[in-house]
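Take a look at the structure below.
Chain naming here is simple, since letters A, B, ... match the order of the sequence lines and numbering starts at 1 in each. Predicted, not measured: the structure shown is a model, and the values here were computed from it.
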2 protein chains.
Amino acid sequence: MTEASKDAVDAIIDQWHAVRPDLETTPMAVFGRIYRIARTVGDAVERAYAPYGISRGEFDVVATLRRSGAPYTLSPRQLSATLMLTTGGMTGRLDKLEKAGLLFRTPDPHDRRGLRVTITDRGLALIDEAVAAGLEVQRAALKGLGEEEVAVLGGLLRKLTADVQGA
Amino acid sequence: MTEASKDAVDAIIDQWHAVRPDLETTPMAVFGRIYRIARTVGDAVERAYAPYGISRGEFDVVATLRRSGAPYTLSPRQLSATLMLTTGGMTGRLDKLEKAGLLFRTPDPHDRRGLRVTITDRGLALIDEAVAAGLEVQRAALKGLGEEEVAVLGGLLRKLTADVQGA
DNA sequence: GACAAGTAGCTTACTCCTAAGCTACTTTTC
DNA sequence: GAAAAGTAGCTTAGGAGTAAGCTACTTGTC
(Lines give C-alpha, C1' and ligand atoms only; values in the text may rest on other atoms or scores of the structure.)
Protein backbone atom coordinates (compact mmCIF):
# COMPACT_ATOMS: atom_id res chain seq x y z
CA MET A 1 0.00 0.00 0.00
CA THR A 2 1.89 3.00 -1.27
CA GLU A 3 -1.16 5.25 -0.94
CA ALA A 4 -1.70 7.78 1.80
CA SER A 5 -5.07 8.00 3.54
CA LYS A 6 -8.22 8.44 1.53
CA ASP A 7 -8.76 11.77 -0.18
CA ALA A 8 -11.98 13.73 -0.81
CA VAL A 9 -12.76 11.88 -4.04
CA ASP A 10 -12.27 8.51 -2.35
CA ALA A 11 -14.71 9.64 0.35
CA ILE A 12 -17.32 10.57 -2.25
CA ILE A 13 -16.95 7.21 -3.98
CA ASP A 14 -17.26 5.40 -0.64
CA GLN A 15 -20.44 7.29 0.13
CA TRP A 16 -21.97 6.31 -3.19
CA HIS A 17 -21.03 2.66 -2.62
CA ALA A 18 -22.77 2.75 0.74
CA VAL A 19 -26.08 4.11 -0.59
CA ARG A 20 -26.01 2.76 -4.17
CA PRO A 21 -23.85 -0.41 -4.23
CA ASP A 22 -25.11 -1.13 -7.75
CA LEU A 23 -23.41 1.95 -9.26
CA GLU A 24 -20.22 1.38 -11.22
CA THR A 25 -18.25 4.40 -10.04
CA THR A 26 -14.91 3.93 -11.80
CA PRO A 27 -15.27 7.10 -13.92
CA MET A 28 -15.52 9.20 -10.75
CA ALA A 29 -11.97 8.29 -9.75
CA VAL A 30 -10.72 9.83 -13.00
CA PHE A 31 -13.08 12.71 -13.75
CA GLY A 32 -13.77 13.73 -10.15
CA ARG A 33 -10.06 14.33 -9.75
CA ILE A 34 -9.73 16.03 -13.15
CA TYR A 35 -12.45 18.52 -12.19
CA ARG A 36 -10.80 19.26 -8.86
CA ILE A 37 -7.31 19.64 -10.26
CA ALA A 38 -8.57 21.92 -13.03
CA ARG A 39 -10.28 24.12 -10.50
CA THR A 40 -7.52 24.18 -7.87
CA VAL A 41 -4.63 24.71 -10.27
CA GLY A 42 -6.72 27.11 -12.34
CA ASP A 43 -7.33 29.23 -9.25
CA ALA A 44 -3.62 29.15 -8.37
CA VAL A 45 -2.71 30.25 -11.90
CA GLU A 46 -5.28 33.03 -11.65
CA ARG A 47 -3.48 34.28 -8.54
CA ALA A 48 -0.16 34.13 -10.40
CA TYR A 49 -1.56 36.44 -13.09
CA ALA A 50 -3.15 38.86 -10.62
CA PRO A 51 0.04 40.93 -10.06
CA TYR A 52 -0.02 41.68 -13.79
CA GLY A 53 -3.56 43.03 -13.54
CA ILE A 54 -5.15 40.39 -15.77
CA SER A 55 -7.53 37.49 -15.24
CA ARG A 56 -6.93 34.04 -16.61
CA GLY A 57 -9.38 34.63 -19.46
CA GLU A 58 -7.64 37.85 -20.40
CA PHE A 59 -4.27 36.12 -20.21
CA ASP A 60 -5.54 33.56 -22.70
CA VAL A 61 -6.41 36.27 -25.21
CA VAL A 62 -3.05 38.03 -25.06
CA ALA A 63 -1.15 34.73 -24.90
CA THR A 64 -2.92 33.49 -28.02
CA LEU A 65 -1.78 36.61 -29.88
CA ARG A 66 1.75 36.24 -28.47
CA ARG A 67 2.23 32.64 -29.46
CA SER A 68 0.82 33.27 -32.95
CA GLY A 69 4.11 35.01 -33.68
CA ALA A 70 4.85 38.28 -35.50
CA PRO A 71 2.95 40.42 -36.37
CA TYR A 72 0.94 39.23 -33.36
CA THR A 73 -2.35 39.85 -35.12
CA LEU A 74 -5.55 37.77 -35.20
CA SER A 75 -9.22 38.52 -35.81
CA PRO A 76 -11.77 38.51 -32.95
CA ARG A 77 -13.38 35.58 -34.75
CA GLN A 78 -10.15 33.55 -34.66
CA LEU A 79 -9.68 34.39 -31.00
CA SER A 80 -13.20 33.45 -29.94
CA ALA A 81 -13.01 30.18 -31.91
CA THR A 82 -9.62 29.26 -30.41
CA LEU A 83 -10.73 30.08 -26.86
CA MET A 84 -14.18 28.45 -27.19
CA LEU A 85 -15.88 31.72 -26.32
CA THR A 86 -18.94 33.40 -27.83
CA THR A 87 -18.38 36.55 -29.86
CA GLY A 88 -20.16 38.56 -27.18
CA GLY A 89 -17.78 37.33 -24.53
CA MET A 90 -14.80 38.14 -26.73
CA THR A 91 -16.06 41.69 -27.32
CA GLY A 92 -16.00 42.23 -23.54
CA ARG A 93 -12.51 40.84 -23.09
CA LEU A 94 -11.13 42.89 -25.99
CA ASP A 95 -12.77 46.04 -24.59
CA LYS A 96 -11.04 45.53 -21.24
CA LEU A 97 -7.66 44.65 -22.74
CA GLU A 98 -7.76 47.52 -25.22
CA LYS A 99 -8.56 49.94 -22.40
CA ALA A 100 -5.64 48.49 -20.43
CA GLY A 101 -3.35 49.15 -23.40
CA LEU A 102 -2.35 45.53 -23.95
CA LEU A 103 -3.79 45.29 -27.46
CA PHE A 104 -5.60 47.39 -30.07
CA ARG A 105 -8.17 46.85 -32.81
CA THR A 106 -7.73 48.02 -36.41
CA PRO A 107 -9.99 47.55 -39.44
CA ASP A 108 -9.26 44.53 -41.59
CA PRO A 109 -8.03 46.00 -44.91
CA HIS A 110 -9.40 43.06 -46.91
CA ASP A 111 -12.83 42.63 -45.28
CA ARG A 112 -14.72 45.67 -44.10
CA ARG A 113 -16.83 43.55 -41.75
CA GLY A 114 -13.77 42.42 -39.85
CA LEU A 115 -11.19 43.66 -37.39
CA ARG A 116 -7.62 42.76 -36.65
CA VAL A 117 -6.49 42.59 -33.06
CA THR A 118 -2.80 43.28 -32.40
CA ILE A 119 -0.77 43.06 -29.23
CA THR A 120 1.01 46.23 -28.02
CA ASP A 121 4.63 46.37 -26.87
CA ARG A 122 3.32 46.66 -23.35
CA GLY A 123 1.09 43.62 -23.84
CA LEU A 124 3.97 41.61 -25.25
CA ALA A 125 6.30 42.47 -22.36
CA LEU A 126 3.57 41.72 -19.82
CA ILE A 127 2.61 38.37 -21.29
CA ASP A 128 6.24 37.25 -21.50
CA GLU A 129 6.50 37.66 -17.75
CA ALA A 130 3.04 36.33 -16.92
CA VAL A 131 3.44 33.14 -18.93
CA ALA A 132 6.57 32.27 -16.97
CA ALA A 133 4.80 32.94 -13.67
CA GLY A 134 1.90 30.69 -14.66
CA LEU A 135 4.20 27.90 -15.78
CA GLU A 136 6.07 28.13 -12.50
CA VAL A 137 2.88 27.54 -10.52
CA GLN A 138 2.02 24.54 -12.67
CA ARG A 139 5.53 23.14 -12.46
CA ALA A 140 5.33 23.38 -8.66
CA ALA A 141 2.07 21.42 -8.72
CA LEU A 142 3.91 18.62 -10.57
CA LYS A 143 6.88 18.49 -8.26
CA GLY A 144 5.62 15.40 -6.38
CA LEU A 145 5.68 13.35 -9.58
CA GLY A 146 8.82 11.93 -11.13
CA GLU A 147 9.86 12.75 -14.66
CA GLU A 148 8.62 9.42 -15.94
CA GLU A 149 5.30 9.73 -14.11
CA VAL A 150 4.72 13.13 -15.71
CA ALA A 151 5.42 11.62 -19.12
CA VAL A 152 3.03 8.71 -18.53
CA LEU A 153 0.35 11.05 -17.19
CA GLY A 154 0.72 13.38 -20.15
CA GLY A 155 0.46 10.45 -22.56
CA LEU A 156 -2.70 9.08 -20.98
CA LEU A 157 -4.31 12.52 -20.87
CA ARG A 158 -3.41 12.99 -24.52
CA LYS A 159 -5.15 9.75 -25.39
CA LEU A 160 -8.16 10.71 -23.26
CA THR A 161 -8.36 14.15 -24.87
CA ALA A 162 -8.61 12.53 -28.29
CA ASP A 163 -11.45 10.22 -27.18
CA VAL A 164 -13.30 13.07 -25.52
CA GLN A 165 -13.38 15.34 -28.58
CA GLY A 166 -16.86 15.58 -29.95
CA ALA A 167 -18.32 14.14 -26.76
CA MET B 1 5.23 6.01 -32.78
CA THR B 2 1.89 4.94 -31.38
CA GLU B 3 0.59 8.51 -31.38
CA ALA B 4 -1.85 9.94 -33.86
CA SER B 5 -1.26 13.37 -35.37
CA LYS B 6 -0.71 16.37 -33.16
CA ASP B 7 -3.65 17.61 -31.17
CA ALA B 8 -4.64 21.16 -30.18
CA VAL B 9 -2.44 21.16 -27.07
CA ASP B 10 0.55 19.94 -29.06
CA ALA B 11 -0.05 22.79 -31.50
CA ILE B 12 -0.07 25.35 -28.67
CA ILE B 13 3.16 23.96 -27.25
CA ASP B 14 4.78 24.06 -30.70
CA GLN B 15 3.76 27.67 -31.12
CA TRP B 16 5.34 28.61 -27.81
CA HIS B 17 8.55 26.78 -28.73
CA ALA B 18 8.72 28.76 -31.96
CA VAL B 19 8.39 32.19 -30.32
CA ARG B 20 9.91 31.48 -26.90
CA PRO B 21 12.36 28.56 -27.20
CA ASP B 22 13.59 29.29 -23.68
CA LEU B 23 10.28 28.34 -22.04
CA GLU B 24 10.09 24.97 -20.32
CA THR B 25 6.59 23.99 -21.37
CA THR B 26 6.25 20.50 -19.87
CA PRO B 27 3.43 21.52 -17.49
CA MET B 28 1.28 22.57 -20.45
CA ALA B 29 1.14 19.00 -21.73
CA VAL B 30 -0.48 17.95 -18.46
CA PHE B 31 -2.57 20.91 -17.33
CA GLY B 32 -3.56 22.15 -20.78
CA ARG B 33 -5.19 18.77 -21.36
CA ILE B 34 -6.71 18.63 -17.88
CA TYR B 35 -8.42 21.99 -18.48
CA ARG B 36 -9.77 20.87 -21.82
CA ILE B 37 -11.00 17.49 -20.61
CA ALA B 38 -12.68 19.09 -17.60
CA ARG B 39 -14.51 21.51 -19.83
CA THR B 40 -15.46 19.09 -22.61
CA VAL B 41 -16.61 16.25 -20.37
CA GLY B 42 -18.24 18.73 -17.96
CA ASP B 43 -20.29 20.14 -20.83
CA ALA B 44 -21.27 16.63 -21.93
CA VAL B 45 -22.36 15.75 -18.39
CA GLU B 46 -24.37 18.98 -18.26
CA ARG B 47 -26.23 17.83 -21.37
CA ALA B 48 -26.87 14.45 -19.73
CA TYR B 49 -28.56 16.18 -16.78
CA ALA B 50 -30.61 18.55 -18.94
CA PRO B 51 -33.49 16.07 -19.52
CA TYR B 52 -33.97 16.03 -15.75
CA GLY B 53 -34.34 19.81 -15.68
CA ILE B 54 -31.24 20.46 -13.58
CA SER B 55 -27.85 22.03 -14.20
CA ARG B 56 -24.60 20.43 -13.14
CA GLY B 57 -24.34 22.73 -10.12
CA GLU B 58 -27.84 21.81 -9.03
CA PHE B 59 -27.09 18.13 -9.57
CA ASP B 60 -24.14 18.47 -7.21
CA VAL B 61 -26.35 19.82 -4.43
CA VAL B 62 -28.97 17.08 -4.64
CA ALA B 63 -26.31 14.40 -5.19
CA THR B 64 -24.44 15.53 -2.07
CA LEU B 65 -27.63 15.09 -0.06
CA ARG B 66 -28.32 11.72 -1.69
CA ARG B 67 -24.92 10.23 -1.01
CA SER B 68 -24.91 11.48 2.60
CA GLY B 69 -27.43 8.69 3.26
CA ALA B 70 -30.66 8.70 5.30
CA PRO B 71 -32.16 11.02 6.46
CA TYR B 72 -30.67 12.89 3.45
CA THR B 73 -30.26 16.07 5.47
CA LEU B 74 -27.41 18.60 5.58
CA SER B 75 -27.08 22.29 6.44
CA PRO B 76 -26.58 24.97 3.77
CA ARG B 77 -23.23 25.59 5.40
CA GLN B 78 -22.15 21.96 4.97
CA LEU B 79 -23.31 22.02 1.36
CA SER B 80 -21.53 25.25 0.45
CA ALA B 81 -18.32 24.05 2.12
CA THR B 82 -18.44 20.67 0.35
CA LEU B 83 -19.15 22.21 -3.04
CA MET B 84 -16.64 25.09 -2.63
CA LEU B 85 -19.40 27.66 -3.15
CA THR B 86 -20.10 30.92 -1.34
CA THR B 87 -23.16 31.04 0.90
CA GLY B 88 -24.75 33.50 -1.51
CA GLY B 89 -24.38 31.09 -4.38
CA MET B 90 -25.83 28.26 -2.28
CA THR B 91 -28.86 30.38 -1.34
CA GLY B 92 -29.64 30.76 -5.03
CA ARG B 93 -29.27 27.06 -5.82
CA LEU B 94 -31.43 26.04 -2.86
CA ASP B 95 -34.11 28.55 -3.86
CA LYS B 96 -34.29 27.02 -7.33
CA LEU B 97 -34.26 23.42 -6.13
CA GLU B 98 -36.84 24.07 -3.41
CA LYS B 99 -39.13 25.70 -5.97
CA ALA B 100 -38.64 22.67 -8.24
CA GLY B 101 -39.71 20.40 -5.38
CA LEU B 102 -36.43 18.45 -5.18
CA LEU B 103 -35.60 19.49 -1.60
CA PHE B 104 -36.99 21.56 1.27
CA ARG B 105 -35.59 23.67 4.10
CA THR B 106 -36.60 23.30 7.76
CA PRO B 107 -35.33 25.11 10.86
CA ASP B 108 -32.47 23.46 12.72
CA PRO B 109 -34.02 22.40 16.08
CA HIS B 110 -30.69 22.78 17.89
CA ASP B 111 -29.46 26.09 16.42
CA ARG B 112 -31.94 28.79 15.63
CA ARG B 113 -29.47 30.46 13.24
CA GLY B 114 -29.34 27.35 11.10
CA LEU B 115 -31.39 25.42 8.57
CA ARG B 116 -31.54 21.80 7.54
CA VAL B 117 -31.90 20.92 3.89
CA THR B 118 -33.61 17.62 3.08
CA ILE B 119 -34.14 15.86 -0.23
CA THR B 120 -37.73 15.08 -1.28
CA ASP B 121 -38.91 11.73 -2.64
CA ARG B 122 -39.06 13.33 -6.02
CA GLY B 123 -35.52 14.66 -5.64
CA LEU B 124 -34.25 11.25 -4.61
CA ALA B 125 -35.87 9.48 -7.53
CA LEU B 126 -34.59 12.09 -9.96
CA ILE B 127 -31.02 12.01 -8.73
CA ASP B 128 -30.89 8.22 -8.82
CA GLU B 129 -31.60 8.38 -12.52
CA ALA B 130 -29.46 11.41 -13.26
CA VAL B 131 -26.36 10.05 -11.53
CA ALA B 132 -26.48 6.96 -13.74
CA ALA B 133 -26.86 9.10 -16.86
CA GLY B 134 -23.86 11.22 -15.88
CA LEU B 135 -21.71 8.17 -15.14
CA GLU B 136 -22.64 6.72 -18.50
CA VAL B 137 -21.34 9.79 -20.32
CA GLN B 138 -18.10 9.65 -18.38
CA ARG B 139 -17.69 5.92 -18.92
CA ALA B 140 -18.12 6.48 -22.65
CA ALA B 141 -15.34 9.09 -22.54
CA LEU B 142 -13.03 6.43 -21.05
CA LYS B 143 -13.86 3.73 -23.56
CA GLY B 144 -10.68 4.26 -25.56
CA LEU B 145 -8.51 3.40 -22.57
CA GLY B 146 -7.90 -0.12 -21.32
CA GLU B 147 -8.75 -1.18 -17.79
CA GLU B 148 -5.14 -0.96 -16.72
CA GLU B 149 -4.65 2.44 -18.30
CA VAL B 150 -7.67 3.78 -16.42
CA ALA B 151 -6.19 2.44 -13.17
CA VAL B 152 -2.78 4.01 -13.86
CA LEU B 153 -4.38 7.31 -14.83
CA GLY B 154 -6.54 7.34 -11.72
CA GLY B 155 -3.51 6.63 -9.54
CA LEU B 156 -1.43 9.41 -11.04
CA LEU B 157 -4.32 11.88 -10.80
CA ARG B 158 -4.80 10.86 -7.17
CA LYS B 159 -1.16 11.61 -6.46
CA LEU B 160 -1.39 14.91 -8.32
CA THR B 161 -4.54 15.88 -6.44
CA ALA B 162 -2.71 15.43 -3.15
CA ASP B 163 0.21 17.64 -4.28
CA VAL B 164 -2.14 20.29 -5.57
CA GLN B 165 -4.09 20.73 -2.35
CA GLY B 166 -3.35 24.04 -0.72
CA ALA B 167 -1.76 25.29 -3.93
C1' DG C 1 -25.16 42.09 -61.81
C1' DA C 2 -29.11 41.27 -58.70
C1' DC C 3 -30.44 38.62 -54.80
C1' DA C 4 -30.22 35.08 -51.49
C1' DA C 5 -27.34 33.23 -48.14
C1' DG C 6 -23.55 33.48 -45.16
C1' DT C 7 -20.26 35.85 -41.94
C1' DA C 8 -18.12 39.55 -38.59
C1' DG C 9 -18.61 41.97 -34.63
C1' DC C 10 -21.62 44.29 -31.37
C1' DT C 11 -25.69 44.89 -28.24
C1' DT C 12 -29.17 43.36 -25.11
C1' DA C 13 -31.33 40.46 -21.75
C1' DC C 14 -30.49 36.98 -18.76
C1' DT C 15 -28.03 33.62 -15.69
C1' DC C 16 -25.07 32.46 -12.08
C1' DC C 17 -21.35 33.37 -9.60
C1' DT C 18 -18.45 36.23 -5.87
C1' DA C 19 -17.48 39.73 -2.28
C1' DA C 20 -19.08 42.39 1.19
C1' DG C 21 -22.24 43.55 4.50
C1' DC C 22 -26.51 42.60 7.09
C1' DT C 23 -29.41 40.48 11.04
C1' DA C 24 -30.04 36.96 14.18
C1' DC C 25 -28.30 33.77 17.04
C1' DT C 26 -24.58 31.06 19.73
C1' DT C 27 -20.25 30.51 22.11
C1' DT C 28 -16.42 32.20 24.69
C1' DT C 29 -14.38 35.02 28.13
C1' DC C 30 -14.03 37.46 32.10
C1' DG D 1 -24.40 36.78 33.44
C1' DA D 2 -22.77 40.64 30.39
C1' DA D 3 -19.88 41.73 26.79
C1' DA D 4 -17.11 40.31 22.97
C1' DA D 5 -16.29 37.36 19.36
C1' DG D 6 -17.77 34.02 16.18
C1' DT D 7 -21.15 31.71 12.99
C1' DA D 8 -25.48 30.88 9.88
C1' DG D 9 -27.95 32.27 6.16
C1' DC D 10 -29.63 36.05 3.30
C1' DT D 11 -29.31 40.37 0.49
C1' DT D 12 -27.18 43.50 -2.64
C1' DA D 13 -24.01 45.12 -6.09
C1' DG D 14 -21.03 43.96 -9.53
C1' DG D 15 -18.49 40.86 -12.91
C1' DA D 16 -18.32 37.76 -16.73
C1' DG D 17 -20.33 34.51 -19.37
C1' DT D 18 -24.24 32.77 -22.93
C1' DA D 19 -28.00 33.08 -26.40
C1' DA D 20 -30.36 35.56 -29.54
C1' DG D 21 -30.80 39.16 -32.54
C1' DC D 22 -29.01 43.33 -34.89
C1' DT D 23 -26.41 45.90 -38.77
C1' DA D 24 -23.04 45.85 -42.15
C1' DC D 25 -20.55 43.60 -45.35
C1' DT D 26 -19.10 39.58 -48.47
C1' DT D 27 -19.81 35.44 -51.23
C1' DG D 28 -22.29 32.26 -54.15
C1' DT D 29 -25.86 31.45 -57.67
C1' DC D 30 -28.46 32.11 -61.51
Side-chain angles (χ1 to χ4, degrees), chain A residues 35-36 38-40 42-47 49-50 53-62 64-65 73-100 102-118, chain B residues 35-36 38-40 42-47 49-50 53-62 64-65 73-100 102-118:
Chain A
Y35 301 144
R36 282 176 174 252
R39 165 137 189 197
T40 307
D43 288 351
V45 169
E46 184 104 43
R47 286 193 295 276
Y49 297 149
I54 54 172
S55 71
R56 204 174 147 210
E58 288 153 9
F59 170 90
D60 287 341
V61 174
V62 186
T64 301
L65 290 167
T73 296
L74 295 168
S75 70
R77 175 67 39 183
Q78 287 174 303
L79 286 167
S80 55
T82 301
L83 301 178
M84 297 190 285
L85 196 68
T86 58
T87 60
M90 186 52 65
T91 296
R93 284 192 193 174
L94 293 177
D95 285 349
K96 263 199 77 178
L97 290 166
E98 187 162 32
K99 194 172 297 182
L102 304 184
L103 53 78
F104 58 93
R105 285 182 263 211
T106 50
D108 183 329
H110 302 305
D111 186 337
R112 274 195 287 177
R113 295 170 308 177
L115 293 175
R116 289 153 49 105
V117 178
T118 305
Chain B
Y35 301 144
R36 281 176 176 252
R39 164 136 191 199
T40 307
D43 287 352
V45 168
E46 185 103 42
R47 286 193 294 275
Y49 297 150
I54 55 173
S55 71
R56 205 174 147 207
E58 289 153 9
F59 171 90
D60 287 340
V61 174
V62 185
T64 302
L65 290 167
T73 295
L74 294 168
S75 69
R77 175 67 40 181
Q78 288 175 303
L79 287 167
S80 55
T82 301
L83 301 179
M84 299 189 285
L85 196 68
T86 59
T87 61
M90 187 52 66
T91 296
R93 284 193 194 173
L94 293 177
D95 285 350
K96 262 198 75 177
L97 290 166
E98 188 162 31
K99 193 172 294 184
L102 304 184
L103 52 78
F104 59 93
R105 285 183 264 210
T106 50
D108 183 329
H110 302 304
D111 186 337
R112 274 196 287 177
R113 294 169 308 180
L115 293 175
R116 289 152 49 102
V117 178
T118 304

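Contact check for I54(B) versus V62(B): no side-chain heavy atoms found under the 4.5 Å cut-off.
Remark: P of dT23(C) and CZ of R112(B) are 19 Å apart, rounded to the nearest angstrom. D43(A) places its CG atom 13 Å from the C1' atom of dC17(C), with the value rounded to the nearest Å. In this structure, D108(A) places its CG atom 10 Å from P of dT27(D), rounding to the nearest Å. Atoms CE (M84(A)) and C1' (dA16(D)) sit 17 Å apart, rounded to a whole Å. Distance, D60(A) CG to dA16(D) P: 14 Å, rounded to whole Å. Rounded to an integer number of Å, the gap from R93(B) CZ to dT11(D) P is 17 Å. In this structure, CD of E46(B) is placed 11 Å from P of dA19(D), rounded to the nearest angstrom. Between the CZ atom of R56(B) and the P atom of dC16(C) there is a distance of 15 Å, given to the nearest Å.
Considering CG of L115(B) and OG1 of T106(B), their distance stands at 7.5 Å, rounded to 0.5 Å.
Closest-nucleotide positions on DNA chain D for G92(A) and H110(A) were compared, and the one nearer the 5' end corresponds to G92(A).
Considering all non-hydrogen atoms of both residues, R39(B) and M84(A) come closest at NH2-O, 3.0 Å.
Annotation: side chain to side chain contact (heavy atoms under 4.5 Å, CB included) contacts of Q78(B) (sequence neighbours excluded): L74(B), S75(B). For Y35(A), there are no ring pair (Phe, Tyr, Trp, His ring centres under 6.0 Å) partners two or more places apart in sequence or in a different chain.
Close to dC16(C), at under 4.0 Å from its OP1 or OP2, lies a side-chain N or O of K96(B).
With dT18(C), dC17(C), dT18(D) as the choices, the nucleotide that has an atom nearest any side-chain atom of L85(A) turns out to be dT18(D). Out of dT18(D), dC16(C), dT18(C), the shortest distance to the side chain of T86(A) is found at dT18(D).
With R93(B) contributing its side chain and G57(B) its backbone, the two residues share a donor-acceptor pair below 3.5 Å.
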- Item | Heavy-atom protein contacts under 4.0 Å, nucleotides 3-10 of chain D, coded B base, S sugar-phosphate only, - none | ---BBSBB
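For R105(B) and D95(B), the salt-bridge test passes: some basic side-chain N is under 4.0 Å from an acidic carboxylate O.
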